[in-house]
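Structure first, commentary second.
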Number of protein chains: 2
Amino acid sequence: MSRPTYDDVLRVSSPTEEASAERRPVRIEEVARLAGVSPITVSRALRNPKMVSEARRERIRQAVEATGYFSNPHAKALRSGQSDIVAAFVSNILSEQFSLAVEGLAEVLEPAGFQVVLSRTSYSYKRETTLVRSLTATRPAAVFITGVMELEANRSFLRGLGVPIVESWAFARDPIDMLVGFSNTDGARMVAEHFAERGYRKVAFIGRSGGRGALRRKSFAMHCERLGLQVQREITRDTVSGVPEGREAMRSLLEENHDVQAIFCASDLLAIGGLLEARERGLRIPDQLAIAGFGDSTLAEEISPGLTTIVADSRNIGTQAGELMLKRLRGETPERTQKHVPIELVYRGST
Amino acid sequence: MSRPTYDDVLRVSSPTEEASAERRPVRIEEVARLAGVSPITVSRALRNPKMVSEARRERIRQAVEATGYFSNPHAKALRSGQSDIVAAFVSNILSEQFSLAVEGLAEVLEPAGFQVVLSRTSYSYKRETTLVRSLTATRPAAVFITGVMELEANRSFLRGLGVPIVESWAFARDPIDMLVGFSNTDGARMVAEHFAERGYRKVAFIGRSGGRGALRRKSFAMHCERLGLQVQREITRDTVSGVPEGREAMRSLLEENHDVQAIFCASDLLAIGGLLEARERGLRIPDQLAIAGFGDSTLAEEISPGLTTIVADSRNIGTQAGELMLKRLRGETPERTQKHVPIELVYRGST
DNA sequence: TTGTAAGCGTTATCAG
DNA sequence: CTGATAACGCTTACAA
């Protein structure tokens with residue numbers, strides 16, 4: 001490969017900007033001096049304006065502006081035992097749905113002065129445990145979890161933190177604290193019912209063996225039985241559920257030569273992988289094989305045929321979680337601490 | 001909608017776990033007492049084991065284990081003036097490419113004890129400036145930017161921080177500090193050359209008006225001129241480049257009734273939006289209209305026809321950035337502080 | 001190699 | 001409503 005060409009990146013200069021001077025941070029004391037008050041008054045004016053007289057409040061505001069003061073989050077957290085950090089446990093930051101939830105969460109929390117910090121658990125209990133334990137020192141203001149924490153030890157640990165905690169992505173009984181979730185059980189039921197309506201009788205399941213995968217598998221199997229559908233095969237994997245895993249699972253399934261008309265894949269990416277694999281092997285979809293997913297990936301709509309799947313509003317999960325947290329952080333008591341998020345089956349060409 | 005069904009979420013209990021006792025954090029002093037040494041020795045053993053004798057090191061290790069000690073990051077940052085935080089400026093956390101880079105970055109930095117914290121700039125100079133200024137107080141160990149910082153004020157501010165900084169996603173001259181990027185200019189040239197080879201003469205451009213969009217537009221226009229292609233129309237938007245924006249831009253373009261054979265969209269999502277819109281309007285792709293993108297979205301491969309696009313290894317950008325940072329944080333001097341990432345044109349059905 | 005003393009910048013506490 | 005004082009838990013600087 002030849003020498004790369006340089007990009008002429010745009011540079012925007014603000015003419016008012018002084019030269020790159022010293023970066024010594026401004027401390028609260030400097031602001032106080034400028035405003036002619038004591039440091040603690042500045043602190044109060046910033047955190048709880050009502051505690052400070054109108055006149056001083058204004059002088060302090062100007063001094064903050066003039067100095068470009070930002071309070072030191074470490075000092076604040078150290079002394080007060082509470083940081084502005086909201087810890088978000090995400091099993092997989094590449095997941096579109098989880099990213100949307102984090103986006104929604106951040107949109108609500110950032111204007112209130114909190115910072116969302118991601119903890120990538122990578123579907124590992126061990127990592128999760130380490131990360132949970134480190135929270136005692138980090139002292140987050142609240143904790144969000146894309147999912148439900150399964151390890152009892154971690155659950156009780158989090159509860160002991162004494163901060164608002166929101167679990168999500170399932171409609172579980174007795175959450176650690178608060179919950180914003182949908183019923184995986186109902187979602188899987190809807191798929192089973194949809195298969196029955198479409199006249200498919202011999203079905204199969206592909207999904208992760210733990211967590212939501214297990215919930216969806218169990219409910220699917222139960223409702224298939226109820227509706228007289230025969231589950232010919234269940235393929236479960238404990239790896240991340242991506243397109244490659246979906247392809248691989250579909251490959252095994254097809255090579256086993258089962259007599260299957262429709263497959264429920266417990267995540268959209270699995271389903272899309274499966275769909276691609278099946279298509280490449282010359283199967284007509286949905287005539288020779290129907291496929292349904294779970295999760296509302298954007299891909300589900302763009303692929304052809306479009307993927308029939310269960311859809312929930314991921315961003316909204318984050319938004320609601322943020323709102324619950326804020327209420328609690330303000331000392332209010334939300335009337336409901338378990339929010340139910342509606343889901344629906346979107347019928348597209350793959351079934 | 002009827003009452004949701006509860007999910008029976010799996011709960012895993014570790015039998016060895018004691019009851020949910022007090023959550024009072026363990027301090028370094030407690031570890032020191034248990035190991036029979038002074039706190040500062042524990043501190044040293046944890047940060048720089050070589051400074052402490054073998055025997056004590058082992059006793060301290062055991063004491064840390066026994067107590068479940070985690071050092072308080074706020075106290076550490078406050079006193080040392082340096083935190084374990086690596087700040088990652090991401091314009092859009094929903095971008096698959098940026099998420100991959102962050103994933104790569106985190107994979108390298110976390111084992112070394114650093115924590116990657118995302119700052120969502122949302123393509124806003126104002127937000128970016130606020131976030132940059134807040135770094136003086138946060139005292140990050142290093143800064144990663146998915147892109148090149150354009151505001152001179154912010155550039156000099158970051159430089160003044162005195163920590164390793166890695167810009168990316170462009171092969172720019174004089175970065176703030178270090179750089180891991182590819183040439184957008186070359187990428188756009190490759191598209192122009194590809195259009196020429198395929199015999200398209202009348203072309204158009206769709207992209208964001210600033211940042212990388214501008215780089216790609218400029219280079220594309222230049223090379224079109226060189227190759228004798230006529231750029232009939234350039235549609236630029238200053239919004240986020242998603243599928244809806246692509247649809248909308250394609251709609252305007254088609255309604256203007258230009259005589260266009262091929263369109264270069266400066267991002268894959270724009271291209272995919274454009275492709276969907278064109279297809280829905282009955283245009284045969286690529287016969288009646290060819291479309292190329294930039295960026296290697298997974299969608300590009302799955303959609304039909306597949307999208308011809310410029311591909312770089314996003315995760316690798318993050319990995320390399322992490323490695324550069326670690327070297328500097330260890331006091332080493334990397335021989336090259338500007339890494340070039342190769343790109344290639346992947347030819348699929350859309351052109 | 002180890003320890004002592006001091007202080008990072010903020011806020012809880014208590015007094016006015 | 002405002003201020004003085006001390007303390008959060010750690011690490012730097014210096015001493016032994």
Apply side chain to side chain contact (heavy atoms under 4.5 Å, CB included) to B/Ala170 and list each qualifying residue two or more places apart in sequence or on a separate chain. A/Asp7, A/Val9, B/Val148, B/Asn184, B/Leu215

Chain B vs DNA chain C, heavy-atom contacts under 4.0 Å, first-to-last nucleotide span, 5' to 3', is C/dT1 to C/dG9

Could you go through nucleotides 6-9 of chain D and list every protein N or O atom that sits under 3.5 Å from one of its N or O atoms, giving the distance for each pair?
| from | atom 1 | to | atom 2 | distance (Å) |
| --- | --- | --- | --- | --- |
| D/dA7 | N3 | A/Arg79 | NH1 | 2.9 |
| D/dC8 | O2 | A/Arg79 | N | 3.3 |
| D/dG9 | N2 | B/Ala75 | O | 3.4 |

Considering only heavy atoms, which members of residues 30-65 of chain B lie under 4.0 Å from some atom of DNA chain D? B/Ile40, B/Ser43, B/Arg47

Rounded to 10°, tell me the angle between the two end axes of the helix from C/dT1-D/dA16 to C/dG16-D/dC1, each built from five pairs. 20°

Enumerate the residue pairs fulfilling side chain to side chain donor-acceptor pair (under 3.5 Å) with a member in residues 316-328 of chain B, sequence neighbours excluded, ordered by first and then second residue. B/Asp177-B/Arg328

Keeping to residues at least two apart or across chains, list the salt bridge (charged side-chain N to carboxylate O under 4.0 Å, His left out) pairs with something in residues 45-57 of chain A. none

Pairs meeting criterion salt bridge (charged side-chain N to carboxylate O under 4.0 Å, His left out) with involvement of residues 119-129 of chain B, two or more places apart: A/Glu103-B/Arg120, A/Glu110-B/Arg120, A/Glu110-B/Arg127

Going by the rule side chain to side chain donor-acceptor pair (under 3.5 Å), which residues pair with [X] if we only count those two or more places apart in sequence or in a different chain?
| X | answer |
| --- | --- |
| A/Glu58 | A/Arg61, A/Gln62 |
| B/Gln338 | none |
| A/Asp84 | none |
| A/Arg173 | none |

Between B/His74 and A/His74, how do the two ring planes meet: parallel, tilted or perpendicular, split at 30° and 60°? tilted

With the side chain counted from C-beta on, respond yes when A/Pro25 and B/Arg139 share a heavy-atom pair under 4.5 Å apart, and no when they do not. yes

